[in-house]
Amino acid sequence: MEEGCIFCKIAAGAVPCFKIYEDDLMVSFLDIGPVVLGHTLVIPKKHYRNVLDVPAEVISSISGRLPMLARAVISVVQAPACHVLLNSGVEAMQSVHHLHYHIIPRKYGDGFGVPWPAGQLDAGTGRQMAAEITAAMHQSH
Ligand code: AMP
Ligand code: ZN
């Protein structure tokens, strides 16, 4: 348990939440500040900061539950679609520094939108970026 972490407290049952699922590893509950109705969070019980910090086997087990959770959430709000987001770091809009997935149901006209100003990847940059990232992966494992 990380000192002062609100999600550690929720995982320990010390702070109440609108819980939808719990097992040995994880808890899922409604976001207290939903961007749309049904906005749900999924957290490991153990404290990890985000995707840059979590062991592969932990995130693998947690994400294995996402299809079940997302299907249940969107069915209840009668949405045909959803985002599954994992903000990692303050620059990427992470405000609670305990790993969490957002499940955000989506339907046309729901008033929510994620800005996505798509650019254009040219072949030279693409080749170089792909090579650098592949090399970085080999260095860190
Ligand atoms: P993020 O910006 O990705 O770190 O998202 C943190 C999310 O946690 C926000 O959507 C908050 O509304 C939500 N949140 C913060 N405190 C609580 C809480 N006590 N119970 C439920 N959701 C919370
Ligand atoms: Zn925590």
Side-chain angles (χ1 to χ4, degrees), residues 1-15 17-141:
M1 182 139 161
E2 181 94 349
E3 183 78 26
C5 174
I6 183 73
F7 287 178
C8 281
K9 289 178 186 158
I10 288 176
V15 163
C17 68
F18 296 103
K19 193 186 295 176
I20 66 165
Y21 177 81
E22 178 173 15
D23 64 24
D24 290 351
L25 267 183
M26 57 186 275
V27 188
S28 180
F29 51 95
L30 297 179
D31 193 299
I32 202 78
V35 291
V36 294
L37 190 62
H39 185 168
T40 298
L41 301 174
V42 183
I43 68 167
K45 285 189 170 170
K46 242 185 117 182
H47 185 92
Y48 299 102
R49 279 200 315 281
N50 55 42
V51 75
L52 306 170
D53 180 46
V54 66
E57 56 283 7
V58 174
I59 197 161
S60 164
S61 307
I62 293 163
S63 51
R65 296 291 188 203
L66 287 171
M68 173 189 79
L69 293 166
R71 284 185 205 120
V73 167
I74 69 168
S75 74
V76 167
V77 295
Q78 296 180 315
C82 66
H83 297 285
V84 175
L85 300 176
L86 202 178
N87 298 332
S88 293
V90 285
E91 297 84 351
M93 292 171 54
Q94 185 178 14
S95 61
V96 176
H97 298 280
H98 178 128
L99 187 150
H100 53 280
Y101 283 105
H102 294 260
I103 299 173
I104 302 175
R106 293 304 308 273
K107 49 182 142 183
Y108 289 133
D110 62 17
F112 178 66
V114 183
W116 200 277
Q120 177 88 48
L121 183 64
D122 68 76
T125 310
R127 263 194 303 276
Q128 190 185 335
M129 284 302 300
E132 283 182 24
I133 294 167
T134 304
M137 236 180 288
H138 292 314
Q139 275 157 26
S140 62
H141 287 96

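Computed over heavy atoms, backbone and side chain alike; hydrogens, waters and symmetry mates excluded.
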Minimum side-chain heavy-atom gap Lys46-Val58 below 4.5 Å:
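Answer no - side chains too far apart.
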Any side-chain heavy-atom pair from Thr40 and Leu69 closer than 4.5 angstrom?
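They are not in contact (no side-chain heavy atoms under 4.5 Å apart), so the answer is no.
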Roughly how far, to the nearest 0.5 Å, is [atom2] of [Y] from [atom1] of [X]?
X: Ile62; Y: Tyr48; atom1: CD1; atom2: OH; result: 8.0 Å
X: Glu22; Y: Ile10; atom1: CD; atom2: CD1; result: 11.5 Å
X: Asp53; Y: His47; atom1: CG; atom2: NE2; result: 7.0 Å
X: His102; Y: Leu86; atom1: NE2; atom2: CG; result: 8.0 Å
X: Cys82; Y: Arg71; atom1: SG; atom2: CZ; result: 10.0 Å
X: Asn87; Y: His97; atom1: CG; atom2: NE2; result: 10.0 Å

Using a 6.0 Å cut-off, check whether atom CG of Leu85 has over 12 heavy atoms from anything other than its own residue.
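More than 12 heavy atoms, drawn from other residues, nucleotides or ligands, come within 6.0 Å of this atom.
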Mark yes when over 12 heavy atoms from residues, nucleotides or ligands other than Met1 sit less than 6.0 Å from its CE; otherwise mark no.
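Result for CE/Met1: enclosed.
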Please name the pair of heavy atoms, one in [X] and one in [Y], separated by the smallest distance, quoted to 0.1 Å.
X: Gly38; Y: Val73; answer: O-CG1, 3.3 Å
X: Lys107; Y: Val77; answer: NZ-O, 2.8 Å
X: Gly124; Y: Asp122; answer: N-OD1, 3.1 Å
X: Ala81; Y: Ile74; answer: O-CG2, 3.6 Å
X: Pro67; Y: Ser63; answer: CD-O, 3.6 Å
X: Val114; Y: Phe112; answer: CG2-CE2, 3.8 Å

Output all residues satisfying ring-ring contact (aromatic ring centres under 6.0 Å, His included) with Phe29, sequence neighbours left out; order by chain, then residue number.
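Result, ring-ring contact (aromatic ring centres under 6.0 Å, His included) vs Phe29: Phe7.
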Taking the six-membered ring for Trp, are the ring centroids of His98 and His100 within less than 6.0 Å of each other?
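That pair fails the under 6.0 Å test.
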Side-chain donor or acceptor of [X] paired with backbone N/O of [Y] under 3.5 Å:
X: Lys45; Y: Asp23; value: yes
X: Ser28; Y: Leu41; value: yes
X: Gln94; Y: Arg49; value: yes
X: Glu57; Y: Ile59; value: no

